[in-house]
Amino acid sequence: MKKYFIHRPAASFRVDYEKDLNPEQHAAVLHNAGPALVLAGAGAGKTRVVTYRVARLAESGVMPENILLLTFTNKAAREMMRRAEQLIGRNIAGLHGGTFHHIANLLLRQHYRLAGYKQGFSILDREDSRELFDACIAEVYKKDSVLPRGAVLAEINSLAKNTEEELGSVVTLRFPHFAEAADAICRIASLYEKKKIDLNLMDFDDLLVQWKKVFEENENIREYYSLKFKYILVDEYQDTNRLQADIIDLTARGHGNLMAVGDDAQSIYSFRGADFENILRFPQRYPEAAVYKLTTNYRSTPEILTLANRIISHNKNQFSKELHAVRQPGDRPGLVPLRDVFEEAEYVASMVMDMNSDGTAFDEISILYRSHYQSMQTQMEFQRRGIPFEIRSGLKFFEQAHIKDILSFLRIIVNPYDEISWKRILKLTRGIGNITASRIWDLLRVSNTPLDALAGASSLVPRKAVEGFNRFLELIGSLRDERYLSSPSAAIDYALRHGYEDHLYTTYPNAEMRIEDIEQMTRFALRYDSLETFLSDLALQGVAEAESGDAEAPEGKVVLSTVHQAKGLEWGTVFIIGMNDGRFPSAKSLRTDDEEEERRLFYVAATRAKEALFLCYPVSAEDWNNLGLLRPSRFIKELQPDSFEEITVEDV
DNA sequence: CTCAGCCTTCTTTTT
DNA sequence: GAAGGCTGAG
């Protein structure tokens, strides 16, 4: 096995690794070459190790373009690259850092032919792929078949892809209630796969599947990238699935300079195929791998850490590990029973107000919950009291209808075979619904140049829709202008001003807000000179994160977030709301035997807190989920009572 | 037959 | 607060 050892250059180091790192971290950062596994407990300086590792490589003479940093979110990638740059005091442009999907996209824009695709393929988000599945169901079966909906089929299919299991066995094993429909599901899924090729569409999974396929079928390409990425770092390795692990192995094959960083206790993505066996089996897959453990927690007070350790100790399936605190003692975590969700929201809001007037910045506080819907009352209460906050869950900016509409106009310009986008924008015209849109699409699909064929569709349009359709024709005609291919901003503005604006005013009461959103997108799009790049970046979600980063208020905002999205972050004070059975752990996880993963999720939530942690649970429900009484979470009941301070809230 | 609007249902997590 | 189903209007 060929290796690339690092040679210390003549120039002296600017970074003082001895001083900045503890011995555990130091050992991992100075790892020389070959495979390494870094088991990093929560708050043990994992990001620090990765960034110092990147800096160390760069300082040792490794070219930035020879480093690949795979992360779980774009934000994590940016953050790590920023900190590494800061550390070595120079630009490390050329370093490839991003999510698996992001890197896959870059790769496949080059090698789409090898994957059997045409230029300018579109990327389907979840809603798109659900719609395409629905279309496939409709094509194969007429009404009344007892079949899962497109959304469910998309999920099943995705799971099969990511775990690399046969679709049929995923259905029988993981979705036994659809076992009888397994054959039908497989038929629909193969139609779905065929359609994507025909329509030049890739869903999120295809990006990974095709990456692997291109590497497996083209050894020269694989070798090229393997040589290019001589040093590979993977963050959050515990959340990789089979497919991703294979991709990493393929890319690292030959040099084996792979550093996998992660924490099995924080594996929380099994619902999309993550398999924390990947991290457990890493030493077997790479027998010569060095293993480093980070067990010193710098983030939390001993009280919070004790609670966290107790939480995770109830899981059987894990590496046993001991995290020790180095911070000074603080308060025990608070346990707060509340009458109902409204009182819960009031309690959290008034605590936030109090803390803020005592000098705590809003951005040092976060409210975490299991599911987005649990944030509603808190949102309203914060709104009422004028507490600045930022929501990091629920519909993303670009998942909203008006954003998707506008993007669909752009997508058909880049990829005229995009059935989903065609139907979406066709139906915007009053008088054109599902049926007419399908008929028009049937005409377009058989044409080599769908954009030219559109004019011929006029005869299919009902009389009352003719006028609107003519305006639509004009708009599409103008958007085809070549200059829009290189100016997404101008294209968006054109579509907005020549028809879409009117549609918004007639359809939505809050049209102004939506127009503002689109105008904001116009400004953002100025950074791009390629429609294709703009669209794929947007589909891969890099944008919303960048946007929210820009709009940071000076005194900060309280963050309302799902636990999943809070991973890797920290705050001085954390409130976890809705600590009830059926909410956290979620009802579904209790039915499907995923209790251990839920407990890891709870562990992730608790370890976000630096100084103060409050666990809140309402005792009665007055909303639609009305079981009357709500029980406190089993995750609370299983803990020793001395883990918390019980806090009683008087009636207001 | 096609479309739009009202009504009910049901809330997990994400690239 | 969204999305699918049902119903009535055209």
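Everything numeric here is computed off the predicted structure, so don't read it as measured data. Chain letters run A, B, ... following the sequence lines, proteins first, then strands; residues in each count from 1.
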What is the distance, rounded to the nearest whole Å, between atom [atom1] of [X] and atom [atom2] of [N]?
X	N	atom1	atom2	result
A:Glu155	B:dT14	CD	C1'	11 Å
A:Asp206	B:dT15	CG	C1'	13 Å
A:Tyr369	B:dT14	OH	P	10 Å
A:Ile435	B:dA4	CD1	C1'	14 Å
A:Phe204	B:dT15	CZ	P	8 Å
A:Asp134	C:dG5	CG	C1'	14 Å
A:Gln377	C:dG1	CD	C1'	12 Å
A:Arg272	B:dT14	CZ	C1'	5 Å

Is a donor-acceptor pair below 3.5 Å formed from side chain A:Arg126 to base B:dT15, judging by atom type as modelled?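 Not at all, since no donor on one side and acceptor on the other fall under 3.5 Å apart.
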Looking at A:Tyr617, I'd like to know if the NZ or CZ of A:Arg631 sits under 6.0 Å from its six-membered ring centre while staying within 45 degrees of the ring's axis.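 Judged by the rule (NZ or CZ under 6.0 Å from the ring centre, within 45° of its axis), A:Arg631 is not positioned above A:Tyr617.
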Polar contact flag, side-chain donor to acceptor under 3.5 angstrom, A:Asn157-A:Glu193: yes
It should be established whether [X] places a side-chain nitrogen or oxygen under 4.0 Å from OP1 or OP2 of nucleotide [N].
X	N	answer
A:Gln565	B:dT13	no
A:Thr562	B:dT14	yes
A:Ser586	B:dT13	no
A:Arg430	B:dG5	yes
A:Arg439	B:dT2	yes
A:Arg130	C:dG4	yes

On DNA chain B, nearest-nucleotide positions of A:Thr436 versus A:Arg370: which is more 5'? A:Thr436
Take A:Leu208 and A:Gly431, find for each the nucleotide of DNA chain B with the closest heavy atom, and name the residue whose nucleotide sits nearer the 5' end. A:Gly431
Which residues pass the ring-ring contact (aromatic ring centres under 6.0 Å, His included) test with A:His111, sequence neighbours left out?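 Residues passing ring-ring contact (aromatic ring centres under 6.0 Å, His included) with A:His111: A:Tyr225.
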Using a 4.0 Å heavy-atom cut-off across all strands, classify [X] as base, sugar-phosphate, or nothing.
X	value
A:Asn434	sugar-phosphate
A:Tyr269	sugar-phosphate
A:Arg600	nothing
A:Leu207	nothing

Once side chain to side chain donor-acceptor pair (under 3.5 Å) is applied, do any residues pair with A:Tyr117, and if so which ones, sequence neighbours excluded?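 Result, side chain to side chain donor-acceptor pair (under 3.5 Å) vs A:Tyr117: none returned.
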Using atom P in both nucleotides, what's the gap between C:dA3 and B:dT14 to the nearest angstrom? 16 Å
On DNA chain C, does the nearest nucleotide to A:Lys464 precede the nearest nucleotide to A:Gln379 from the 5' side, or the other way round? Give the residue.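 In this pair, the answer is A:Gln379.
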Looking at the rings of A:Tyr269 and A:His564, which for Trp means the six-membered one, are their centres under 6.0 Å apart? yes
Do other residues, nucleotides or ligands put more than 12 heavy atoms under 6.0 Å from A:Glu467 CD?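 Incorrect, the count does not exceed 12.
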